[in-house]
Amino acid sequence: MHKKLTILYIVSILTAAILITGCKPKAVAKENSEIQLAVFVPGVLAGSPTYEMMDKGVRKAAEEKAAEVKTVEGGFNQAEWKSQIMALASEKKYDIIVTSNPAMPEICREVKKIYTDQSFLILEGSKIENDTVSTFLFSHLELAYLHGYFAGLVTRSEMPGANSDLKIGLIAGQEYPEMNQKIRPGYLQGLQAAAAGAEVDFRVIGNWYDATKASDLAKSMFESGVDVILTIAGGANQGVISAAKEAGKYVLWYDADGYAIEPGTIIGSGIIREDIAAYEQTQLALRGELIEGSSVYVGVREGFIDFLTESDLYKSYVPEKVRLAQDKVIKQFKNGQLQLR
Ligand code: RBF
């Protein structure tokens, strides 16, 4: 009798466990040939390397499993993104919709309230409690710190484009929480570590495509004593490059290898490995192992963020003294001595 009760007890616990875990459906659990994935680009692919990396990563994982991918460019009218995501979800055929930028989690959560079976993965997205969408976030504090530190070394240096003012610039497409709470503070913190008392001139374009406005802003910044600008403005970055080239000043490229775009003008480049994040998370989804509401937060130490120092162009335009100092701080992030989250 006692034994029977124990068995009953174990069976009921197991049933409860199955029911509880069963409540958290996994993203994908089908035959590979039936799997269809969607990538939603909140903007356009051209000129925004992180979006291109996302698409590339999803496609690589999909190819390995013969799954299909549909990529939709949402364009620059942000008011349309929600209805575009809603339209994708209403098709009820995409096992997961992958997208990227800090504004997307909220939009996807709202759509998820209506299409409850639709799974989402949002790169560059922050989690909330009891989340219904999966997010993958990179430490912008760390990447911006590395740029700020490098810009501090440059503005203090004897490089041909550097003047005696300790002033650096940051141009953003838009102001958004990640920009104001992570990128700007990280950039300033890095700058102060390399050049105490130096200033950041921060300007906002108001969109992610207006290269003419970006160029005007950059010109006025250079005229006011800025010698190096970090530009985070998608397609509008081109305007910053042309202004810098004309003025003999410098540009930092934030999140993808930019050295070859304008050698000698783009003298520093960071990278966010959004392709690897997209690839690995899509692989998880394709195996049915991406748990809804999961979140990941990574930085330099985990290998998803870096400042690129191996390029010959970097080596030829940046003096050794500056490179050695930059190497030191990168190493501190890599070995965990420095960590900003
Ligand atoms: N970054 C881009 O490179 N291109 C874009 O079109 C773009 N659009 C954005 C729209 C919104 C609403 C927000 C919040 C951010 C956008 N970003 C864009 C910034 C992007 O998510 C990321 O922070 C930066 O590209 C730096 O990696």
Side-chain angles (χ1 to χ4, degrees), residues 24-28 37-45 48 50-55 57-58 71-91 94-144 172-184 208 232 234 255 272-282 284-285 289-299 302 304-305 341:
K24 256 201 158 168
K26 300 193 170 161
V28 177
L37 312 174
V39 173
F40 180 78
V41 178
V44 299
L45 283 171
S48 294
T50 52
Y51 292 163
E52 288 172 339
M53 283 192 260
M54 161 179 67
D55 193 50
V58 172
T71 301
V72 176
E73 288 184 304
F76 291 117
N77 185 352
Q78 297 175 12
E80 286 176 1
W81 292 348
K82 187 175 163 191
S83 60
Q84 289 164 324
I85 292 274
M86 195 77 86
L88 277 177
S90 76
E91 289 185 50
Y94 302 108
D95 293 89
I96 190 159
I97 297 175
V98 183
T99 185
S100 168
N101 91 30
M104 296 314 292
E106 208 171 308
I107 291 172
C108 296
R109 281 178 203 120
E110 282 178 39
V111 173
K112 173 100 182 157
K113 282 184 196 155
I114 295 160
Y115 296 102
T116 51
D117 288 338
Q118 180 63 63
S119 295
F120 292 97
L121 165 65
I122 300 125
L123 305 177
E124 298 266 5
S126 302
K127 64 172 179 179
I128 56 166
E129 243 176 77
N130 300 318
D131 213 344
T132 54
V133 300
S134 294
T135 52
F136 196 105
L137 191 61
F138 305 91
S139 176
H140 284 282
L141 264 179
E142 291 186 351
L143 183 55
Q174 246 185 305
E175 279 190 87
Y176 50 103
E178 201 77 23
M179 176 56 66
N180 287 330
Q181 293 159 20
K182 301 281 171 70
I183 299 178
R184 269 177 82 181
W208 299 88
I232 305 179
D255 52 20
I272 298 181
R273 309 253 177 221
E274 209 157 312
D275 48 350
I276 297 176
Y279 173 64
E280 291 180 354
Q281 296 295 298
T282 305
L284 275 185
E289 290 169 8
L290 183 69
I291 307 294
E292 278 189 3
S294 63
S295 66
V296 182
Y297 192 16
V298 293
E302 293 83 359
F304 283 89
I305 277 177
R341 292 293 150 100

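The analysis underlying the following values was restricted to heavy atoms, covering all of them including side chains, and did not include hydrogens, waters or symmetry mates. We number each residue from 1, following the sequence as shown.
If you take CD on Q281 and CG on L121, they are separated by 6.0 Å, rounding to the nearest 0.5 Å. The CZ atom of R109 sits 6.5 Å away from atom OG1 of T132, with the distance rounded to the nearest 0.5 Å. Note that the CD atom of Q78 and the CH2 atom of W208 stand 8.5 Å from one another [nearest 0.5 Å]. A distance of 12.0 Å separates CD1 in I232 from OG in S48, rounded to the nearest 0.5 Å. With rounding to the nearest 0.5 angstrom, the CG atom of L290 is 5.0 Å from the CD1 atom of I96.
Residues meeting the side chain to side chain donor-acceptor pair (under 3.5 Å) test with E302, sequence neighbours left out: R341. By the ring pair (Phe, Tyr, Trp, His ring centres under 6.0 Å) test, F76 pairs with Y209, sequence neighbours left out. For S100, the side-chain contact (heavy atoms from CB on, under 4.5 Å) test picks out Y51, M54, L123, E124, E274, with sequence neighbours left out. Applying the side chain to side chain donor-acceptor pair (under 3.5 Å) test to T50 and every residue at least two apart in sequence or in another chain returns nothing. Residues satisfying the side chain to side chain donor-acceptor pair (under 3.5 Å) test with Q181, not counting sequence neighbours, are none. By the side chain to side chain donor-acceptor pair (under 3.5 Å) test, E73 is found to be paired with no residue, residues two or more places apart in sequence or in another chain being considered.
Residues I276 and F304 are in side-chain contact: their nearest non-hydrogen atoms beyond the backbone lie under 4.5 Å apart. Residues L143 and K182 have side chains not in contact (no heavy-atom distance under 4.5 Å, counting atoms from C-beta outward). In this structure the side chain of E175 reaches within 4.5 angstrom of the side chain of R184, judged on heavy atoms. Taking 4.5 Å as the limit, some side-chain heavy atom of V298 sits within range of a side-chain heavy atom of F136. Between Y115 and M86, the closest side-chain pair of non-hydrogen atoms falls below 4.5 Å. Contact check for D55 versus V41: no side-chain heavy atoms found under the 4.5 Å cut-off. With a 4.5 Å cut-off on side-chain heavy atoms, I97 and C108 do not count as touching. Counting heavy atoms from C-beta on, the side chains of L137 and E178 come closer than 4.5 Å.
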*Show your working on side chain to side chain contact (heavy atoms under 4.5 Å, CB included) between F40 and M104 and close with a plain yes or no.*
CA-CA 10 Å; F40 180 78; M104 296 314 292; 3.8 Å; yes

*What do the steps show when you test T99 against W81 for side chain to side chain contact (heavy atoms under 4.5 Å, CB included), and what is the final call?*
CA-CA 11 Å; T99 185; W81 292 348; over 6 Å; no

*In sequence, state the C-alpha distance, the side-chain angles, and the governing distance for I272 and H140, and then conclude on side chain to side chain contact (heavy atoms under 4.5 Å, CB included).*
CA-CA 9 Å; I272 298 181; H140 284 282; 3.7 Å; yes

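Of all non-hydrogen atoms in Q174 and M179, the two that sit nearest each other are O-CG, 4.1 Å. For D255 against M53, the heavy-atom pair with the smallest separation is O-CE, 3.3 Å. When all heavy atoms of N101 and I122 are compared, the pair lying nearest together is O-CG2, 3.9 Å. Across all their heavy atoms, I305 and S139 have their closest contact at CD1-O, 3.1 Å. The two atoms that bring E80 and G74 nearest to each other are OE1-O, 4.5 Å, heavy atoms only. Nearest heavy atoms, F138 versus A277: CZ-CB, 3.7 Å.
Atom CD of E106 sits in a sparse spot, with 12 or fewer heavy atoms from other residues, nucleotides or ligands closer than 6.0 Å. With a 6.0 Å radius and a threshold of 12 heavy atoms from other residues, nucleotides or ligands, N77 has its CG atom above the threshold.
For the 3.5 Å distance criterion, the side chains of S134 and S294 qualify, holding a donor opposite an acceptor.
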